[in-house]
Structure formats: structure tokens, C-alpha cells
Amino acid sequence: ISDDCERESSQIIATKTPTLKPSSDNRSVLSELSRVLPRMLLGRLIFAMTLLIGSVSAVDLAYDVSRDRDVRTEGIQRHLKAIAGTLSLQLDDSHLSALSPEEEYSHWSAAPPPLREAHHILRSAQERNALQADIYTLSVVPGLRAAVAANPDHVIADATQVGVTSRLTPSWDQRRDYRPAMAAPLLEGRVDVSPVYRDPSGLWLSAYAPILDQRGEIVALLAVDVPVDDSLGWGSSHTQTQVMMFTALLLLVLLTVTALT
């Protein structure tokens with residue numbers, strides 16, 4: 001009896017636990033996965049590599065642009081300092097009356113000879129150096145000298161008065177802001193140049209040089225300006241090539257993502 005029971009129970013277990021065999025549906029799913037999965041991994045790998053290369057290129061591009069801009073800025077600053085320093089030495093005591101004219105003239109031809117000569121020096125320098133902005137002299141407004149001396153490291157609005165300029169017509173009523181880069185020429189007699197700054201007309205670089213009288217005292221400043229927007233562009237063709245390469249990499253990323261989806 002016990003043998004018969006064991007045979008029956010083994011038959012029941014065998015019928016309740018059928019052997020698992022891959023069906024045609026399971027085989028088709030596995031074959032589809034084996035066909036698609038490598039492509040997805042390859043696509044993901046291409047996407048990751050492209051994204052990595054694009055990120056590295058973007059960082060390198062930003063660094064290259066910044067470095068190129070700094071180098072070009074330093075070159076322009078040195079050039080401006082050389083122009084300002086040279087011109088300030090050409091304006092001597094004979095031009096002091098031109099720096100602070102007692103009368104205002106609508107044309108340089110009507111001005112006294114020292115005034116006309118000072119204008120001619122500045123105008124010739126502007127044309128010789130192909131400068132877009134005027135060259136001009138500055139003097140601190142008498143009522144604001146104490147404020148400038150007490151705050152040499154701060155911008156003071158309308159604290160300086162324009163004197164002689166390279167402009168074709170005189171302009172006696174112009175005032176300019178005092179800037180910290182003027183402190184060294186005014187207080188120490190050294191030529192100095194500003195960092196890039198912004199005013200209502202755009203971005204600028206300016207150099208300032210002291211104008212001395214016969215006793216060696218500082219009586220005015222000579223200013224040379226350059227608009228930064230025109231001077232500091234993209235720079236070298238290498239940078240432009242990097243921009244094109246980075247754009248191509250971004251396009252490749254978009255195509256890869258499109259193919260995966």
C-alpha cells in the first residue's frame with residue numbers, strides 16, 4: 001500500500017510541475033533584446049562621449065576667449081599709456097593758457113596761438129594712432145578738489161572739466177566723472193590706465209597722464225579713450241574654429257539623441 005501511495009504522489013507532483021521550455025514568444029523577445037541592447041549601449045556610449053567632449057570643449061573655449069580678451073586688453077592698455085605719456089610731455093608751460101582758457105571759442109581758428117597749437121598736437125596724435133575717440137585734457141573742478149583728495153578710490157560724478165580736445169570744434173562745457181585711475185596722475189604724477197568700465201555710451205578703456213608746469217607741479221591731466229566694444233572682439237581665428245567645432249559637437253549630440261528616441 002505504501003509503495004502504491006508513493007507512486008501516486010510522485011505522479012501528482014510530476015503533473016503539477018511541468019518543465020519550463022522557452023516558447024516561440026519568449027524566444028522572439030530575447031532575440032529582439034539581444035539585437036537592440038547593443039545598439040542602445042553603443043548609442044549611450046556615443047552620447048556620453050560626445051557630451052564629455054562637448055563639455056571639455058566649452059570649458060576650453062571659455063578659457064581661450066577670456067585669455068585672448070585679457071591679452072588684447074593688456075596690449076591696448078600699454079598702447080594707451082604710451083600715447084598719453086608722450087603727449088603730456090608735448091604740452092608745456094606755453095600751453096597752460098590753453099588748458100584753462102579765460103574765453104570760450106566756437107572755432108579753433110579764433111583761439112590764441114597756444115590754444116591752437118595744443119589742439120593741433122592732440123588732433124595729429126588722434127589721426128596718427130587712428131583713434132576713434134577724442135583726446136582731451138582734464139582739470140579737477142575747483143569746488144570738488146577736496147572730495148577727490150578725500151576719496152581718490154571712488155568714482156565722483158562730473159568732478160573734472162574738459163579743456164583742450166582733438167575734436168574739430170571746441171567744447172568747453174563738458175564734464176567727466178573722476179575715476180580711480182586718475183589718482184596716480186593727479187597725486188603721484190604717474191601715467192596710469194583704467195580697467196574696462198561702463199558709462200552711458202558703452203564700455204571703455206582710458207589712460208591718464210599728468211601735465212606739469214615749469215615747477216613740476218601737476219596742473220591738469222591728459223586723457224586718451226578707446227571704446228572696448230570695437231577693440232575686443234572674438235580675437236583669433238583659432239577661437240572662431242573652436243566655436244564651429246563646439247557647434248558641430250552639439251549638433252552630433254542632438255542627432256544621437258534623436259536616433260536613440
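For reference, positions follow the sequence shown, starting with 1.
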When hydrophobic residues are tied together by side-chain contacts of less than 4.5 Å, even through go-betweens, does V193 share a cluster with L203?
-> no
From R190 CZ over to I218 CD1, what is the distance, rounded to the nearest 0.5 angstrom?
-> 10.5 Å
Backbone N/O of R215 and side chain of D213: donor-acceptor pair under 3.5 Å = yes
Is it true that a side-chain atom of D70 and a backbone atom of T73 form a donor plus acceptor pair closer than 3.5 Å?
-> no
Heavy-atom check, side chain of D177 versus side chain of D158, under 4.5 Å = yes
Hey, is the main chain of H154 close enough, under 3.5 Å, to the side chain of N151 for a donor-acceptor pair?
-> no
Derivation of the side-chain contact (heavy atoms from CB on, under 4.5 Å) call for L168 and W108 | CA-CA 8 Å; L168 295 176; W108 294 112; 5.6 Å; no
Output for pair (Y208 OH, L80 CG), nearest 0.5 Å, gives 10.0 Å
Enter the distance from S166:OG to Q126:CD here, rounded to the nearest 0.5 Å.
-> 3.5 Å
So, the side chain of H119 versus the backbone of T165: is there a donor-acceptor pair under 3.5 Å, distance only?
-> yes
Does any N or O in the side chain of S139 come within less than 3.5 Å of the main-chain N or O of A220, such that one atom is a donor and the other an acceptor?
-> no
Rounded to the nearest 0.5 Å, what's the gap from OG on S88 to CG on L212? Could you check?
-> 7.5 Å
Between R175 and V162, does a side-chain contact (heavy atoms from CB on, under 4.5 Å) hold up when you go through it step by step?
-> CA-CA 6 Å; R175 288 195 178 187; V162 175; over 6 Å; no
Which heavy atom in D225 sits nearest to a heavy atom in A133, and how many Å separate them?
-> O-CB, 3.6 Å
The reported gap from CG in L122 to OG1 in T137 (rounded to nearest 0.5 angstrom) is 7.0 Å
Distance-minimising heavy-atom pair for L115 and A111 | CD2-CB, 3.1 Å
Could you tell me which non-hydrogen atom of L187 sits nearest to which non-hydrogen atom of P152, and how far apart they are?
-> CD1-CB, 4.0 Å
Would you say L138 and V148 are hydrophobically clustered, going by side-chain heavy atoms of ILVMFWY under 4.5 Å?
-> yes
Heavy-atom donor-acceptor pair, Q161 side chain to Q174 backbone, under 3.5 Å = yes
In Å and rounded to the nearest 0.5 Å, what is the CG to CD1 distance from L222 to I83?
-> 10.0 Å
List the steps, then state whether side-chain contact (heavy atoms from CB on, under 4.5 Å) holds for V226 with Q132.
-> CA-CA 7 Å; V226 166; Q132 298 181 9; over 6 Å; no
Do P180 and V155 have side chains that get closer than 4.5 Å, going by heavy atoms?
-> yes
Looking at A181 and D192, what are the two nearest heavy atoms and their distance?
-> O-CB, 3.6 Å
Residues pairing under side-chain hydrogen bond (donor to acceptor under 3.5 Å, both in side chains) where one sits in residues 76-87, two or more places apart or in two chains, turn out to be none
Is V140 reachable from V191 through a run of hydrophobic residues whose side-chain heavy atoms are each under 4.5 Å from the next?
-> no
R179 NZ/CZ over Y197 ring centroid, <6.0 Å and within 45° of normal | yes
Cluster question for you: counting only ILVMFWY and a side-chain heavy-atom cut-off of under 4.5 Å, with indirect links fine, are V141 and I211 together?
-> no
Which heavy atom of A157 sits nearest a heavy atom of L144, and at what distance?
-> O-CD1, 4.4 Å
R176 to Y136 six-membered ring, cation-pi geometry met (6.0 Å, 45°) = yes
I156 versus A147, closest heavy-atom pair with distance = CD1-O, 3.5 Å
